[in-house]
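What follows is a single structure, written as structure tokens, with notes after it.
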Amino acid sequence: MATLSVKRADRLIGFSVLGTLLLVWLVLTGFDALTQFVRQLGNIGKNGFTLYDAIAYIMLTVPRRLYQMFSNAALIGGLLGLGGLAATGELTALRAAGMSKLRIAVSAAGVVAVLTLAVVVMGETVAPYGDQHAQAIQVRMRSSNLGSTSSGLWARDGGKIINAKSAIATQDGDRPTVKLVDVRVYDFTPDGQVKTFSHGDSAIHDGNHWVMSNVRTTSLDAAGTHSTHEDTQTWASKLNPHVLEQSVIHPEYLSMSDLRRNMRYLEANGQNPGAYAVAFWGRALFAVNTLVLVLCAMPFAFGSLRSGGLGKRLFIGIILAIGWYFLQGAMVNFGTVYGLPPLLANLLPTSLLIVGALAYFRRFG
């Protein structure tokens, strides 16, 4: 009977937290998507951007928005779920039946853990795929001569067609810029025949013009093909680097495999992986951060929330979510400025929460 009663208590806590979590998750994601949709409406008419494109862009980014909003939804939903049990006296009854605060918190976190696993899978598969296609819509809207597909970035520059396997955000001194990787330039004759083909390992804009590195150029004429090699080559192109900077997907939107690939490329070229490393470890620790955040918020359900209404619980949940957002951002930025390894910088805020939670449950659990 004791085992059965524990199972029933777990179900009671789990369903209560699950219901409020899903509701909060839907509201937060819906509000975020609606806000962005209103912004996209202002772009209608630019380079053929239509209402259909605006709707498609929002729908494609919904998985990523669900991923981003989940941690806050888990925190606020967990507080509302346990707070509801506290308001009806059920939480007090569970405590009187012998369940410790830590045991109740773990039951709530168990539901969150199952959902977190599904969200992590979505964040590494569906979300990056959707963002890639959404980015293609934005690239076409910003410039009629640019396009983005699964084979990389494509652009028309007069009689030339340009293809870059990927575009990586990087630093040129103190100036943020975009580096094109694995660049191919096709130069056509007026009748549509390939005149020259150039391939470079990378290309970067130095403020005045594009510079390609390790370039092999092949020319085609009546006599046959002729190849030349140059370590660097000035690339006369009207390709706008500022448009590219706006079009590069934010590192935090990429999957861990894509982030790791970009990190290796930058490290192999003696550059600091910077934002990619921070985003990589942020994703790697996503599940841990979410569960720790939920566990650390649970103590509020046992005290001040017992006599408070829905508004009070919601207010505390929002304050905690905002506080966590700024704490995490400040710690990561602090680590970046002072040269801490990205893993350590991402672990700092989580470690502080774990210490706080252990101290609470050891004293009051």
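All of these numbers come straight from a predicted model, not from anything done at the bench.
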> What is the minimum heavy-atom distance between A134 and T61, and which atoms define it?
Replying inline: CB-CG2, 3.6 Å
>> Would a single hydrophobic cluster contain both L41 and F49, if residues Ile, Leu, Val, Met, Phe, Trp and Tyr are joined by side-chain heavy-atom contacts under 4.5 Å?
In response: yes
> Do Q68 and Y253 touch side chain to side chain, with heavy atoms closer than 4.5 Å?
Replying inline: yes
> Is there a donor-acceptor contact under 3.5 Å from the side chain of E124 to the main chain of M256?
Replying inline: yes
>> I'd like to know if the side chain of T20 and the backbone of G77 have a donor-acceptor N/O pair within less than 3.5 Å.
In response: yes
> Do T290 and S71 have side-chain N/O donor and acceptor atoms under 3.5 Å apart?
Replying inline: yes
> Where is the tightest heavy-atom contact between A203 and M212, given as atom of each residue plus distance?
Replying inline: CB-CG, 3.9 Å
>> Please report the interatomic distance CG(D53) to OG1(T50), rounded to the nearest 0.5 Å.
In response: 3.5 Å
> How long is the gap from OG1 on T35 to CD1 on I58, to the nearest 0.5 Å?
Replying inline: 9.5 Å
>> Please tell me whether F326 and M69 are part of a single hydrophobic cluster in this structure, the criterion being side-chain heavy atoms less than 4.5 Å apart.
In response: yes
>> According to ring-ring contact (aromatic ring centres under 6.0 Å, His included), who are the partners of H133, at least two apart in sequence or on a separate chain?
In response: Y129
> What is the distance from atom CD of Q328 to atom CG of L285, rounded to the nearest 0.5 Å?
Replying inline: 9.0 Å
> Got I137 and L60 here, is their nearest side-chain heavy-atom distance under 4.5 Å?
Replying inline: yes
>> Under the rule for salt bridge (Lys or Arg N to Asp or Glu O under 4.0 Å), what residues qualify as partners of R184, not counting sequence neighbours?
In response: D182
> Shared ILVMFWY cluster between L26 and L28, side chains joined below 4.5 angstrom?
Replying inline: no
>> Can a donor-acceptor pair be found, under 3.5 Å and without considering hydrogens, that links the side chain of R283 to the backbone of L254?
In response: yes
>> Nearest 0.5 angstrom please: L80 CG to L85 CG, how far?
In response: 11.0 Å
> Atom CE in M263, atom CH2 in W281: separation rounded to 0.5 Å?
Replying inline: 7.5 Å
> Can you name the ring-ring contact (aromatic ring centres under 6.0 Å, His included) partners of F15, sequence neighbours left out?
Replying inline: none
> Is there a path of hydrophobic side-chain contacts, each under 4.5 Å between heavy atoms of I, L, V, M, F, W or Y residues, that connects L344 with V292?
Replying inline: yes
>> Checking V194 against F188 for the side-chain contact (heavy atoms from CB on, under 4.5 Å) test, could you report, in this order, the C-alpha distance in whole Å, the side-chain angles of both residues, the deciding distance, and whether it holds?
In response: CA-CA 4 Å; V194 177; F188 294 88; 3.6 Å; yes
> So do the side chains of V126 and V121 get within less than 4.5 Å of each other, counting heavy atoms only?
Replying inline: no
> Which pairs pass ring-ring contact (aromatic ring centres under 6.0 Å, His included) with one or both residues in residues 61-105, sequence neighbours excluded?
Replying inline: W25-F70, Y67-F286
> What pair of heavy atoms forms the shortest contact from T218 to S227, and how long is it?
Replying inline: OG1-OG, 3.3 Å
>> Run the side-chain hydrogen bond (donor to acceptor under 3.5 Å, both in side chains) test on S219 and T196 for me, step by step, so that the C-alpha distance in whole Å, both residues' side-chain angles and the decisive distance to 0.1 Å come before the verdict.
In response: CA-CA 4 Å; S219 302; T196 61; 5.8 Å; no
> What is the minimum heavy-atom distance between L75 and V294, and which atoms define it?
Replying inline: N-CG2, 4.1 Å
>> Between V211 and I162, is there shared hydrophobic-cluster membership here, with clusters defined by ILVMFWY side-chain heavy atoms closer than 4.5 Å?
In response: no
>> Counting neighbours of OH on Y186 that are heavy atoms of other residues, nucleotides or ligands and sit closer than 6.0 Å, is the number greater than 12?
In response: yes
Kindly list each side-chain donor-acceptor pair under 3.5 angstrom involving residues 107-117, sequence neighbours excluded, with atom names and distances?
from	atom 1	to	atom 2	distance (Å)
S107	OG	D10	OD1	2.5
S107	OG	R103	O	3.1
S107	OG	R103	NH1	2.6
T116	OG1	V112	O	2.6

> For F37, what residues pass the ring-ring contact (aromatic ring centres under 6.0 Å, His included) criterion, not counting sequence neighbours?
Replying inline: none
>> Go through it in stages, so that I can follow the logic: the residues are L66 and V119, the test is side-chain contact (heavy atoms from CB on, under 4.5 Å), and I'd like the CA-CA distance, side-chain angles, deciding distance and then a yes or no.
In response: CA-CA 8 Å; L66 285 168; V119 171; over 6 Å; no
> Side chains of T350 and N346: closer than 4.5 Å at any heavy-atom pair?
Replying inline: no
> CG of L51 to CD1 of I44: how many Å apart, nearest 0.5 Å?
Replying inline: 5.0 Å
> Taking atom types as modelled, is there a side-chain donor on H229 or N214 under 3.5 Å from an acceptor on the other?
Replying inline: yes
> How far apart are the closest heavy atoms of S198 and T217, and which atoms are they?
Replying inline: OG-OG1, 3.2 Å
>> Between D32 and T29, is there a side-chain donor-acceptor contact under 3.5 Å, judged purely by atom types and distance?
In response: no
>> Does R8 form a side-chain contact (heavy atoms from CB on, under 4.5 Å) with R11? I'd like the steps, not just the answer.
In response: CA-CA 5 Å; R8 286 178 178 173; R11 284 200 298 270; 3.3 Å; yes
>> For P63 versus A127, what's the shortest heavy-atom pair and its separation?
In response: CB-CA, 3.8 Å
>> Could you go through V27 and V24, starting from their C-alpha distance and side-chain angles, then the distance that decides it, and tell me whether this counts as side-chain contact (heavy atoms from CB on, under 4.5 Å)?
In response: CA-CA 5 Å; V27 170; V24 172; 5.7 Å; no
> Looking at side-chain heavy atoms only, is the closest gap between W210 and L180 below 4.5 Å?
Replying inline: yes
> Under 3.5 Å, is there a donor-acceptor pair between the side chain of S16 and the main chain of G81?
Replying inline: yes
